[in-house]
Every structure is written in structure tokens, then in C-alpha cells.
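I have placed the structure first, in the form of C-alpha cells, so that the comments after it can refer back to it.
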There are 2 protein chains.
Amino acid sequence: MKNKQSYLQNYVSVDCVVLGYDEVENRLQVLLIKQKDPDKQNVDSYKSQYALPGDLINENESLDEAASRVLNELTHIKGIYLQQFYTFGHPDRVSAPKDADWLRVHRKDPNARVITIAYLALVRIDHITPLAGSFAENTIWRSIKKIPKLAFDHNQILGKALEIIKEHPEQHIMGRELLPPKFTLSQLQNLYEAMSGLQLDKRNFRKSIKTADYLIPLDEKQKGVLHKPAQYFSFKKSKK
Amino acid sequence: MKNKQSYLQNYVSVDCVVLGYDEVENRLQVLLIKQKDPDKQNVDSYKSQYALPGDLINENESLDEAASRVLNELTHIKGIYLQQFYTFGHPDRVSAPKDADWLRVHRKDPNARVITIAYLALVRIDHITPLAGSFAENTIWRSIKKIPKLAFDHNQILGKALEIIKEHPEQHIMGRELLPPKFTLSQLQNLYEAMSGLQLDKRNFRKSIKTADYLIPLDEKQKGVLHKPAQYFSFKKSKK
DNA sequence: ACAAAAGTGTTTTAGATACACCCATGC
DNA sequence: GCATGGGTGTATCTAAAACACTTTTGT
């Protein structure tokens, strides 16, 4: 019987793709952290990079719990729904030269392989206020149209996340509080458009969302707008 | 800066859900291995169990490569397409009493956590002949309707795999050689039915698959059948 | 009165569903 | 001639797509 399993252990991390819906600009932004500069005296030529919030898992937590904890430690975001979507484990995924400095400072064994389970979350961008923590120097929202070069293989991870929400926008809208408790149908349509990247016809959109009966019409209208005021709606509570 | 990552390493494994389509019985079966009995003198009360083929990953292989290698080592199956579908990492996923004996024999640290990336493959059951290897004592095909109790959390992993193919049968049919190179439309319909678990109407099925143009009609018919001979078809080569 | 977004219906098209009989072959 | 599975068409329903004008408010 072979014994090759004896010492073959690996680092395991989680990475979080947090997409924030910016209703005003009608676009999705991704939450990135800027890696903290370590003491420059010790580490020459260190260049901090942007990265997805992510870190190694702890011993007695599930992967889902790890994702929540790590996101909280780096950005102080709490209580959002994170969904696992893919696992990245190429042997070289953290061994690009651009990442060497960070690893040298933050890992006992900078050359070790790291396998990462990627998570996806969608939030209202004005609903949470990230606050950098742990090794995050600060946090920023970046439009998904203008993604900088990220640490490790994070561009690839983000790309896969964006594919997923484009394919199934509807699955990521209900019950995620991406809109205020009371919203207009135009707001909802804008959200769908931002997620799918498509333009939708107003009448057809309204027909289709009324067929699927997500919505409760409210006895309340917009006020103070310089056009015909829109009716407000809210989501039905999930049927389960 | 915290250093908690220092020694926190984990075992990482891959597990393969290989589903074999049995055309004669028109059903899907899953490939299981029977864990090899170690020397009974040393390990009392060892009970071998059925399990999905899976093992720890090696150092310099990608996850996809690991899945192929592990499957080959345990069953001598080669060259089939394996697709990652979910990662299971609950801290207790390998710590049930039923699994303790196996771990004691096969792992340096039997209490260590193991995170596993699960893979899915679909094959023609008469197209491959598994041959047990490594710690597999033998291999068996079991109908997905009658799954025994499996090692670790493998029942859960298999359940998730079956959900996935039920939801998107069409994605797992093209280009997987689940049928002979020449096949009849009834054979194809049976395959869809086995994968989706649904009964389909013959005329409607034929209409829909001819709309989507997967198929090349061949100038060849069944021979020797005691009914009207069916025309053969083959798949178009993938368009890419 | 004008600007700005809200709101509203009909027609067309395509795809999904339901359904029943004749055909070619081997024995 | 009979048993067996192969093969075919139409009517209906539903969902998606295209498309333009009137309404209500604030200024």
C-alpha cells in the first residue's frame, strides 16, 4: 500500500467575490482589498496589489463559515449570503512573481500550494460600508467594466463569477436585498439589466415579472419626482 | 499581523462520481469501489465499505489532473471527461465512526480534516471496464435507484451529482460518447429519459432534437430486428 | 407648456404539449 | 398474419418579442 499521502498537505483558502449593485449609476461593482504594505525596511520593492478578499481557512469551521469569517475580518462585512461557486487549485496559481513579496511576508511557507474555494455574494452597495481589517490596507469598489490586474489568479476567479450571474440573474435577485424595501418597477428592471448586461423592453419586462409573482404592489407612490410618480412594490417573503 | 496560517494545512482530495449509462436496462449506474480489507490481524473489526473513487491530490498536478489520476489508479479508467461540480469541506466530513478504521490504516493522521473537490463523469457502461487498483478491492456498478450506505459523506456527494444531471441532461449528452457511434432516435430518447427521470413523448422529442441540429442522419438502417428497422444517426462534431 | 419617466395592449412568432394511426420487418 | 417497435402531423397553448402612445407630476 502506498503511503504518499503522509505529508502531502496543502493550504486551503476561501476567496469572496462580493458584487455591489450601485443603483444610482446602475452598475455592478466588485469589492477589492488593497494589500497592506508591510514594513518597507524589511521587504524591498514590495508592491501592494488589489485582490479579492480571501484568506486561509481555520481548523474547526466549515467552508461556508470560513468565507463569512474571512470576509468579515478583511472588510467587516457581516451577515451576507455567500455561495460557493468553484474551486481553483492549479499548482502555480499563487506562484507568479507579482505575488512573491506578499507571500514572503504573510506565509510561513511562501512556496506552498494554495487551493481556494471561491464564493459569490451580491449586495446593495449603499447598504454596507466595508472597513478594511487584517492585512487589508483599504477596500475599494471597482466597476466590473474596469477591473485592474489583481493578485494571484483573482482575475480568473472574478471572471468566472461574472459569467455565473450573467447566466442566471433571476436566481441572484430574490431575497438578497439588492433594492430598498420599497422599489419601483423601473428600479427592478435596471437591476436585471445591470446583472444580465442586456437591455430589456419595459412592457415585456413588466409582463414577465407579473407572471412570476414575486411582487406585492403597495399603496404608495413616489413623491417629489418631476414626472409621473411610480408605484412602489416589495418582494414577497420567500415561499419556503 | 496575525500568523495563524502558519501550520494550518489540510488534506485535499478529489472524489469522482462516474455515472455509467446502461443502454440495455436503460438506467444510470454509479461506479463504486469496495475498500480493501487491510490485514485483519492488525485492525480488528474492520468493515470494508463502498465508496466513490477518490484520494488525496499530489503535489504537482492540477485538480483536474488529480481527478483523472486518482480515478485511473483505483479503477484503471482512463481518458474520460471529468467535470468539477462542488467542494465538500465540513470539518467532520470524514470523522464518522464508520470511517475510523479505514482512516487509521490509510492516513498518517487519521483525525485530520480532508477537503474534497468532487468531479462528475458520464460514460457508456459497456465502453469501459473498471479494474480495481490501489486500495480498491473491487469495483461495482450500482443503480442510482439503489445506493448503499457509502463511506464518508459520499452519499451526499453523489446526491448533489444526480441533482446536477437531472437539471441539465442535454449538457451532459453531447460529445460524451454515451451511445454507440451510430444510434437510433429511440436510443437517444431513452438516454434523455434515464438522465432526466422523465417520460418523453416520441413525436415531440424528435421534433425538438431536430430543431437543435445535433444530428447527422445516416444512410443506414437496423438489420435483423423483428420490427420496422430504424434509421441510424450520429452526432455532429462539436462546432468549436 | 414642457420635460421626464410611468404606465399600458396588441400582434406576431416560436416553442412546448397533447394526441393516434400506419409502416416495415422477422417469424 | 401477427407481434414489435419505427415513424409521422396537426391542433392548441404558452411564452417571448416587437412595437408607440398617453398619463402624471414639478417647474
Side-chain angles (χ1 to χ4, degrees), chain A residues 22-27 166-171 173-174 179-180 182-235, chain B residues 22-27 166-171 173-174 179-180 182-235:
Chain A
D22 174 353
E23 207 190 310
V24 179
E25 302 282 337
N26 194 30
R27 61 182 179 183
K166 270 192 190 178
E167 278 165 25
H168 305 288
E170 70 290 350
Q171 294 178 15
I173 287 181
M174 279 296 297
L179 292 173
K182 300 169 183 182
F183 52 86
T184 69
L185 296 180
S186 295
Q187 286 177 293
L188 183 58
Q189 180 174 348
N190 286 336
L191 173 56
Y192 268 91
E193 290 177 342
M195 290 179 67
S196 67
L198 302 171
Q199 285 286 106
L200 304 175
D201 177 83
K202 187 171 28 163
R203 280 172 291 189
N204 292 337
F205 176 77
R206 285 164 188 237
K207 223 182 302 169
S208 65
I209 57 155
K210 282 178 179 168
T211 317
D213 62 350
Y214 294 160
L215 299 182
I216 303 168
L218 305 177
D219 288 332
E220 198 179 339
K221 289 180 178 183
Q222 282 181 318
K223 276 180 188 166
V225 289
L226 49 156
H227 56 76
K228 178 171 175 177
Q231 187 181 8
Y232 282 120
F233 289 79
S234 68
F235 285 120
Chain B
D22 174 353
E23 207 190 311
V24 179
E25 302 282 337
N26 194 30
R27 61 181 179 184
K166 271 193 190 178
E167 278 165 26
H168 305 288
E170 70 289 351
Q171 293 178 17
I173 286 181
M174 280 296 298
L179 292 172
K182 300 170 182 182
F183 52 86
T184 69
L185 296 180
S186 295
Q187 287 178 293
L188 183 58
Q189 181 174 347
N190 286 335
L191 173 56
Y192 268 91
E193 289 177 343
M195 289 180 68
S196 66
L198 302 172
Q199 284 286 107
L200 305 174
D201 176 84
K202 188 168 31 160
R203 280 173 290 191
N204 293 337
F205 176 76
R206 285 163 187 238
K207 222 181 304 169
S208 64
I209 59 154
K210 282 178 178 167
T211 319
D213 62 350
Y214 294 160
L215 298 182
I216 304 168
L218 304 177
D219 287 333
E220 198 178 341
K221 288 181 177 183
Q222 281 181 319
K223 278 180 188 167
V225 290
L226 50 156
H227 55 76
K228 176 171 177 178
Q231 187 180 9
Y232 283 119
F233 290 79
S234 68
F235 286 119

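None of these values were measured; they are calculated from a predicted model. Below, read A as the first sequence line, B as the second, and so on, with proteins coming before strands; counting in each chain starts at 1.
Shortest non-hydrogen contact noted between Tyr192(A) and Pro169(A) is CD2-CB, 4.5 Å. The two atoms that bring Ile216(B) and Phe235(B) nearest to each other are CD1-O, 4.0 Å, heavy atoms only. Taking all atoms of both residues into account, the shortest heavy-atom contact from Leu215(A) to Phe183(A) is CD2-CZ, 3.8 Å.
One atom, CG of Leu188(A), and another, P of dA6(C), lie 12 Å apart when rounded to the nearest Å. Here the P atom of nucleotide dA16(C) and the NZ atom of Lys210(B) are 16 Å apart, to the nearest Å. Following rounding to the nearest Å, Asn190(B) (CG) and dG6(D) (C1') show an atom-to-atom distance of 13 Å.
Annotation: proximity of residues 192-209 of chain A to DNA chain D (heavy atom, distance under 4.0 Å) is found for Asp201(A), Arg203(A), Asn204(A), Lys207(A), numbered in ascending order.
The phosphate of dA5(C) has neither OP1 nor OP2 within less than 4.0 Å of any side-chain N or O from Ser186(A).
The distance from atom CG of Asn190(B) to atom CG of Asp22(B), rounded to the nearest 0.5 Å, is 11.0 Å. Glu193(A) CD to Gln189(A) CD: the interatomic distance, rounded to the nearest 0.5 Å, is 4.5 Å.
A 4.5 Å side-chain heavy-atom check between Ile173(A) and Glu170(A) finds every atom pair outside the cut-off.
Sequence neighbours left out, the pairs with a member in residues 218-227 of chain A that pass side-chain hydrogen bond (donor to acceptor under 3.5 Å, both in side chains) are Lys182(A)-Glu220(A).
Nearer the 5' end of DNA chain D, as judged by each residue's closest nucleotide, is the contact made by Tyr232(B), out of Thr211(A) and Tyr232(B).
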Nucleotide N/O of nucleotides 25-27 of chain D paired with protein N/O under 3.5 Å:
unit_1	atom_1	unit_2	atom_2	d
dT25(D)	O2	His227(A)	N	3.3

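With Glu23(A) contributing its side chain and Gln187(A) its backbone, the two residues share no donor-acceptor pair below 3.5 Å.
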